[in-house]
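Comments concern the structure below.
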Amino acid sequence: MATADPTLFSKLGRIWRHRWTDEAAVRRVLPADAMQRLAGRVAASERRHSGEIRICVEAGLPTSYLWRHAPPRERAVTLFGKLRVWDTAHNNGVLIYLLLAEHAIEIVADRGIDAHVGSAEWAAMTQRMAVAFREGRFEDGITLALEEVSALLMAHFPLADDQPDTNELPDAPVVL
């Protein structure tokens, strides 16, 4: 008797998981009031530094990513560009990306802030978010990351007392 290809089962399982996870799953873990609070926290954060922070929550990857078995990081980097996080005056935009279907967390930082922060620090931040997510505290996990990113941006890109805050990107989280 022939055995089935385990990579085929793996690929089909991944596709099923991503198609099964939809925007309703996003609304369950981050309801509208949580999204409003997160948008307010982003706005408050950005009044204290010249950086820009975007939050993006995606239920599942597009089919083209699934067929290629692309990792969540690839999608986060693509969205970093599509959401124009890279297009800030000081190259200090940060994307906090959550992929629900794989419980994946990615932080993508533009070169201005990334030059000041090591990869180990970004990885530790995602690990702390993951702990909150495993406990079902999605808003708390994103808020924690937002506070940590804010502290880094305030340390390296503070606003001068007479410098106005220029909001270059929308503050509301993106749901895909």
Side-chain angles (χ1 to χ4, degrees), residues 10 13-14 17-18 20-23 25-31 33-46 48-49 51-62 65-66 68-83 85-86 88 91-158 169 171-176:
S10 173
R14 185 177 194 223
R17 190 171 57 252
H18 283 262
W20 183 258
T21 309
D22 59 9
E23 283 190 42
V26 174
R27 286 191 299 275
R28 278 191 300 276
V29 299
L30 290 166
D33 59 332
M35 291 295 202
Q36 289 174 341
R37 286 190 297 273
L38 288 169
R41 289 178 184 123
V42 169
S45 164
E46 290 178 356
R48 300 183 317 236
H49 54 75
E52 292 292 320
I53 301 170
R54 292 299 319 257
I55 298 168
C56 180
V57 182
E58 188 164 32
L61 290 173
Y65 284 77
L66 297 172
R68 293 184 293 109
H69 203 65
R73 180 76 180 179
E74 181 180 325
R75 178 66 172 165
V77 170
T78 297
L79 289 171
F80 181 81
K82 284 186 174 188
L83 296 173
V85 182
W86 61 270
T88 60
N91 298 314
N92 58 359
V94 177
L95 173 68
I96 300 170
Y97 173 78
L98 172 61
L99 177 61
L100 286 183
E102 293 190 13
H103 305 270
I105 305 162
E106 298 289 342
I107 297 177
V108 183
D110 205 348
R111 64 186 177 273
I113 185 66
D114 201 45
H116 298 284
V117 181
S119 59
E121 193 166 355
W122 294 120
M125 200 178 298
T126 61
Q127 289 303 315
R128 287 187 287 276
M129 286 175 66
V131 169
F133 292 167
R134 278 192 295 272
E135 296 171 353
R137 299 179 301 113
F138 288 87
E139 183 180 356
D140 292 345
I142 293 173
T143 298
L144 174 65
L146 178 58
E147 290 170 352
E148 291 184 42
V149 169
S150 296
L152 293 169
L153 289 168
M154 287 186 320
H156 300 290
F157 296 94
L169 299 171
D171 298 328
V174 176
V175 176
L176 300 173

Is the closest side-chain heavy-atom distance between Leu79 and Val174 below 4.5 Å? no
Quick one: does NZ or CZ of Arg137 land under 6.0 Å from the six-membered ring centre of Phe133, within 45 degrees of the ring axis? no
Approximate separation, where rounding is to 0.5 Å, of Leu99 CG and Arg75 CZ: 9.0 Å
Looking at Glu58 and Tyr97, would you say the former's side chain and the latter's main chain have a donor-acceptor pair under 3.5 Å? no
Quick check: do Ile96 and Met129 have side-chain heavy atoms less than 4.5 Å from each other? yes
Please find the pair of heavy atoms, one from Cys56 and one from Leu176, that lie closest to each other, and give the distance. SG-CD1, 3.7 Å
Which distance, rounded to the nearest 0.5 Å, do you find between the CZ of Arg28 and the CG of Asp22? 6.5 Å
How about Leu30 and Glu139: do any of their side-chain heavy atoms sit closer than 4.5 Å? yes
Step by step, work out the side chain to side chain contact (heavy atoms under 4.5 Å, CB included) result for Thr88 and Asp110. CA-CA 9 Å; Thr88 60; Asp110 205 348; 4.2 Å; yes
Min side-chain heavy-atom separation Phe138-Leu38 under 4.5 Å: no
Could you please spell out the steps behind the side chain to side chain contact (heavy atoms under 4.5 Å, CB included) verdict for Glu46 and Ile53? CA-CA 8 Å; Glu46 290 178 356; Ile53 301 170; 4.0 Å; yes
Flag, side chain of Glu106 to backbone of Ala76, donor-acceptor distance under 3.5 Å: no
Is the backbone N or O of Ala172 less than 3.5 Å from a side-chain atom of Arg54, with the two atoms forming a donor-acceptor pair by type? yes
Hey, does Val42 have a side-chain heavy atom less than 4.5 Å from the side chain of Leu146? yes
Would you sort out whether Leu152 and Met125 count as a side chain to side chain contact (heavy atoms under 4.5 Å, CB included), showing the intermediate values? CA-CA 12 Å; Leu152 293 169; Met125 200 178 298; 3.7 Å; yes
Taking Glu74's backbone N and O only, do any of them form a donor-acceptor pair with Thr78's side chain (distance below 3.5 Å, no angle check)? yes
Can you name the closest pair of heavy atoms from Pro72 and Glu102 and give their distance? CG-OE1, 3.3 Å
In Å, rounded to the nearest 0.5 Å, how long is the span from CG of Leu100 to NE2 of His103? 7.5 Å
Using modelled atom types and a 3.5 Å cut-off, is there a donor and acceptor pairing between side-chain atoms of Arg73 and backbone atoms of Ile107? yes
Which word best sums up how the rings of His116 and His156 line up, parallel for under 30°, tilted for 30 to 60°, or perpendicular for over 60°? parallel
Within-4.5 Å side-chain heavy-atom neighbours: Val131 and Gln127: no
Is there side-chain contact between Met35 and Val26, with at least one heavy-atom pair below 4.5 Å? yes
Nearest heavy-atom pair of Asp171 and Ala43: which atoms, and what distance? OD2-CB, 3.3 Å
Looking only at heavy atoms, what is the nearest atom pair of Gly60 and Ala101, with distance? CA-CB, 4.1 Å
Euclidean distance, Ile113 CD1 relative to Asn92 CG, rounded to 0.5 Å: 7.0 Å
Any Leu98 side-chain heavy atom under 4.5 Å of Val29 side chain: no
